[in-house]
Each structure stands twice: as structure tokens, then as C-alpha cells.
Number of protein chains: 2
Amino acid sequence: MKRTTIKDLAARLSLSVSTVSRALSGDRNINAETRGRVLAAAEEMGYTPNPAAKSMRGGRSGAIGVLVPEMETHYTIQVIKGIQHVFYPKGIRVIIADAAEDPAVERENLLMMERFMVDGIIFCQCSYQHNADLLGALQEHGLPMVSFGRIPYGLAVSQVLVDDYAKSFFVVEKMIQSGCRHICHFRGPDNIYNSTERARGFRDVMGKYGLPFEDRHGGLGMEDGYVAVDRLVAEGLDVDGIFAFNEAVGVGAMNHLRELGFRIPEDISVAAFSGTDLSKVVFPQLTSVEPPMFEMGRAAAQMLIDQVLDPATPVRTVVLNAEINLRGSTGKK
Amino acid sequence: MKRTTIKDLAARLSLSVSTVSRALSGDRNINAETRGRVLAAAEEMGYTPNPAAKSMRGGRSGAIGVLVPEMETHYTIQVIKGIQHVFYPKGIRVIIADAAEDPAVERENLLMMERFMVDGIIFCQCSYQHNADLLGALQEHGLPMVSFGRIPYGLAVSQVLVDDYAKSFFVVEKMIQSGCRHICHFRGPDNIYNSTERARGFRDVMGKYGLPFEDRHGGLGMEDGYVAVDRLVAEGLDVDGIFAFNEAVGVGAMNHLRELGFRIPEDISVAAFSGTDLSKVVFPQLTSVEPPMFEMGRAAAQMLIDQVLDPATPVRTVVLNAEINLRGSTGKK
DNA sequence: CGGGCCTATGAAAACGTTTTCAGTGAAAAA
DNA sequence: TTTTTCACTGAAAACGTTTTCATAGGCCCG
């Protein structure tokens, strides 16, 4: 179980560790032939550098942290894949921590990342109203960081997002064009700033067509969509369309509407933000706004690397394009 | 950005680093008062040990690797959560690598884990026919490892599983009891040994009731379920039940059957192994065998810790109980 | 031919821990 | 009083790298 170290190579080749290290790291002050011998021996003896030693000397830990608010949806998973796609080929370890939508857990996770001495973090806050202090302090302390997905309102940090406002506007416009007149928005939680943006897009497009603006508290999960439908029915439901904060709420709403005997989309159309594969699995398939999740992860990772390499990198906001996919849950009335 | 080290503490307290280290690690050869002073100072100066240094000295990297065959299903994600639940409180970092069902990628991931010098791995092989050589070599080399979910056929390694045979037997028996007579099994890929076990459970229960045994190649994904249904229809479909290798295949089959105008469960019942939340989201809800995913992750993690602490720990196989959940996709004929 | 400048290498320090080996002084045992 | 033992602490080595710093020989230029 003993690993080959640089010392073993040095001994084998009757060279000093310095020379071997230089050969391995591609220093130019080294004889080409010596370099060749070292590389060959390294290959033969199966040498791989000890990351801990590298890290101790170099100051960098060679690991980055990814903090996500949930791991229930395919959204998060795809972003994580995008992130790993960038880091793993570079030999950088990725540590993932899930807050399960609990800001207290998120805080623990942040502190854990600090203990782990990660070189940077990529995060998506549970709530923009929580942990901004700690994130700010870490940033102040020099920890590179990039946010994705949820808007880190009030935090001057690099971020990769989609255009919540515009995409909400356009997808609802499609619903209107297909005949909807009384659309209700199932709004996201107030502590997620995207809720505000999506609601604004919704309000503006309804205004543009002179239609009444109406919304209900939606929440985040499938149960929330379920409950919101119940409430709407109890109030004597008078809508022909629902625009949900996210896919889960949309699916929850749609499933419950169907249980209650409504036909979708004939009686009521349903659309949602944050669509993933799931939108194509439910019946009818759900019209949704689908962010380029993998690409978002890649972009965030690249931005983080830039920051790690040059701490003076300015704060940037990257807005990627989300696709609007019209499916069976919306259609001609 | 300079972190407090043990040296800083020593200087501050006019003690030697050895003493500080001992106080911190809870060595008993230390004056209680001194220990108190050190702890107080550590708290005050916000000292946290440098994992890299610890690791270099201690030989252990403080990280473990988790190798999964896919991250599409909730199954894997839940197992990962169970694993993290055990390791994070202990300050052990978890590195996750996804093979996307490609044994070549899986091999890369294994090598990556070796480079990262993880203290152990928890894995679920894409295919029991691949990478057993490398896994065996690593094990031989002293790397602690635990397998979960898919049967690591031919590898003498600790593992946590559910009873594929018995649970397949029982869930299909329920279908029979509800009136199904011509059930077709959509079999999993041959390079996953669980396919064999589930098929065996299916064959035996059909035999017990004197019913004809029939199966088709199923595969792993939703598309596979879709395709298998098409093939069945092309052959002049004569079944009243389908038992799918996993949830994805089950959902794919069910969705396509519905597209083709079949009523579920009136015309055809559908059940599947490896159910997750998704089974409750689709319509109708899918009858499925649900492994205790989180618990499996926890168990695997605990077994790995045992092995790391004592390399002489004997190889164990832990079989956990999977729940059979009867839902709308099966029912009285 | 002597000084200066490359090229290639080695020696040693440093990173932050843990741990072994040696003490120290004081109390206990003789 | 002398010796032993004990409780506590310090010095230093070690883990595997990278990175000065130093130095050897060889070459060019005057």
C-alpha cells in the first residue's frame, strides 16, 4: 500500500528530489534527457503526486465546495454534473453539500467548507435573506465564490442565471395566445428572489393584454401545488390557466387538478418555470421554461477557476438562455 | 486570508507546538488547566486544523470516494444523501463520481479516486462484467471498499443490497392475486446481475401459479420501456400485466401504453422494481418495490468506516428490506 | 586567459501537523 | 537522604512536495 514518492524516484535515478520535482513539473531549467528519464521512471513506478503534500506546500487544497439548496430535482443534479465536468479533468476534487432548504443546515455546510479549506465555492442559496452575512465574510476573507440559479439578492458576487422575468413573460404570453384569459400564478416563496422576478414577468404580460392579475402562494414542492389547487377550488375556482413557480409545483397542481376531474389543457392549462426531464414524464407533458442546467454548472465552474487563478477578477453576472418548451399541458381552448 | 495554525497558538500561549497539539487532540498527558487555556485560545483565534497537514502526517486523506453508475434517478441521490449523513459530521469529505452507465468512464473515475488518495470507496458498478479487475487490485492493495445496490457478482467485497429475488416474487404474486394471468417481464440488462435475480423471482412465482413465463429485453431507461411496449404491440400483444426491471422502464412502458390507448390497470397492470418518489408522481401511480435508499447509504458508510478503522474487518453482506407499495397501476381486473 | 553568464543540478528550508524521545521538577518510596 | 516514579512539557523528526539559494562546470567575450 506504500505509494511511490518523489524520493523513491530520486533514489532510483540517483538524482536529487529537487531535480525530480522540476522534471515532473516541467521546469525549463532541466536537461531534456534527464527529464525523459524521470518521466519514464515515474510512469514505470506508477508515481502519482500526493495531493495533501502538494496542497500543504502550495497553499491550495485542490478541492472546491458546491452548496445546493436541495437535491430532489434534476435541476440541481444537472448543474452539479456540469461543475464536475470542468473540475475533475483538472484533478480538482468537488465536495457537495445539500441544505435540504434549511438555512441553518446551509450555514453548517458553509462552515464545513471553510474547515475543509476549499479553494472556492459554488452555491445556490436556500434563501437570499439568510447567510448573506457569512457568505460576505468569507468573500471578504478572500474565498472565491460563484452563485447560480437563485438570485443572491444583496450580495455582490459573480453569478450565473437565466432571465426569470423575460422567460416568465414569454411563456405566459404563449398561454394567452392559446386562449387563456384567467391565469393564476402560483408564486414562489418570498425568500427566493426569483419569485419576485417571475411574478413581475407574469404581471407585466397580463397587463400587456389587459387581463386581470391574480396570484396565490405557491411554494416550492409538489405538495404546495396540490394545496394551492385545493385552495383555488375552495374559493370557487374561476381560472383557465396556471403558471407555476417551478416544475414541482406545476406537477403537483396538474396531478391534483386531474384527480379532481379537470381536463388538461381543455379545462385548465398548466405551465411552469424550471422544467427538467420530469416535464416530459408526467401526463400530460408539462409546458415549461427549461434552464440550461449543465451549461450553467460549466459556466459557474469556469468563472470560479478564473477567480481562483486571479483573485482580482471582477464580479460578473452571466445570463444564459432558458428554453421555452410548449407541451401538452397547454394548448388551444 | 492567513489561517491560525497551531504555531500561532503556541506563540500566543508561550507553549510548544507539541503541547498545543496534545491539548487539542485530547492527549491525557496534559495538565487540565493548560488544556483549558489552549482550548480557549483556539476558540478565540478561530483555529481549525489544516486537513492537508493532518492528512500528510496521518497517512489518511480524510476523504472517501463514492462511485455511482448514474445520477438520473432519485435512487442514487438518496443513497448519496445517506452516505453524506454519516461522513460529514465526522469531518470526512465525500467525493462523488458519476459513470453515466459507461464502464470506461467508471474506470477513469476509479483511477481518479486513487489519485485523490481516498481512504476508501463506496461503489455501485455499472456492469458486473467490467472493472472487477481494477476493483480487485485496489482491494488487494488495501483500499477499503463497500458495494451497494447492484450485485458485484464475482467480487468478494462487503455489500449492502435488498432481496431482488424475494421482492420480485412477492410483488408479482400481488399482481397475480389481483387477477393478472399473462404477465410479461421487462428484463434488465444482462451485465447487471440483479436482472438475473429479478427474472428468477418472476419465473418462480409464475411457475408457482402455473402461469406461462414470458420476458422481453427491457433495459434501464424510460426509452427502453417505451421500445419494449412497441415490440410487444407489434407482436400482437397478449398480456394483462408488465413487471419492469426498474422504475424508469416501468414509467416508460406505462406512459407509452397510455398513449396507445390502453387503460391502466383495467387493460394492463404495471409494476416495477426500484421505485422512488417518481412512482407517486406519474399517473396512475406506479406499484413498485422501494429499496430503503437512504438507509442503504448509511449502512454502506458505516461498513466502510469499520473497514478503515480495522482493515481486518471481515467481508459482510447486509440485506435490507425493500417495501412493496401497491398503487394505482395495478388493481382488480 | 580571466571575468561574467548561462545550464543543470543539489542542499535545505518551508508548509502544519503528530509523535517519539528526552528531559524537567516534584512527589512518593526506600 | 537517596532513589524511583510520575505528570507534564519541549525539541526535533517525519510526512511529500515546491522553491529559494548555492554551486559546479562550460561557454562566450574582451
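So that the names make sense, note that chain A is the first sequence line, chain B the second, and so on, each numbered from 1.
- There is no side-chain donor-acceptor pair under 3.5 Å between A/S21 and A/S18.
- For the OP1/OP2 pair of D/dT18 and a distance below 4.0 Å, the side-chain nitrogens and oxygens of A/K54 include at least one atom meeting the criterion.
- Between A/Y47 atom OH and D/dG16 atom P there is a gap of 10 Å when expressed in whole angstrom units.
- A donor and an acceptor atom, one from each side chain of A/T76 and A/E70, are located under 3.5 Å apart.
- Where B/L15 and B/G58 meet DNA chain D, the nucleotide closest to each residue was compared, and B/L15 sits on the side nearer the 5' end.
- For B/R57 and D/dT17, the CZ to P distance is 16 Å, given to the nearest whole Å.
- Atom CZ in A/R60 sits about 23 Å away from atom P in D/dG16, given to the nearest Å.
- Side chains of B/H141 and B/E114: no donor on one and acceptor on the other come within 3.5 Å.
- Of the N and O atoms on the side chains of A/E106 and A/N131, at least one donor lies less than 3.5 Å from an acceptor on the other residue.
- Neither OP1 nor OP2 of C/dT17 sits under 4.0 Å from any side-chain N or O of B/S21.
- If B/A53 and B/S18 are placed on DNA chain D by their nearest nucleotide, the residue sitting closer to the 5' end is B/S18.
- For C/dG10, its base sits under 3.5 Å from the side chain of A/R22 at one donor and acceptor pair at least.
- If you measure from atom CG of B/D27 to atom C1' of D/dC6, you get 15 Å, rounded to the nearest angstrom.
- Salt bridge A/R12/A/E44: present, at least one basic N to carboxylate O contact under 4.0 Å.
- Comparing B/T4 and A/T19 by the nucleotide of DNA chain C that holds the closest heavy atom to each, the one mapping nearer the 5' end is A/T19.
- No hydrogens or angles were tested; on distance alone, nothing pairs the side chain of B/S16 with the base of D/dA11 as donor and acceptor under 3.5 Å.
- For D/dC15, the OP1/OP2 oxygens have no side-chain nitrogen or oxygen of B/S55 closer than 4.0 Å.
- B/R28 has its CZ atom 12 Å from the C1' atom of D/dC8, to the nearest Å.
- At a threshold of 4.0 angstrom between heavy atoms, the contacts of B/N31 are confined to the sugar-phosphate backbone, with no base atom among them.
- The nearest whole Å value for the distance from the CD atom in A/E33 to the P atom in C/dT7 is 18 Å.
- Straight-line distance from the CG atom of A/N29 to the P atom of D/dT19: 13 Å, rounded to whole Å.
- Remark: P of C/dG16 and CG of A/N50 are 16 Å apart, rounded to the nearest angstrom.
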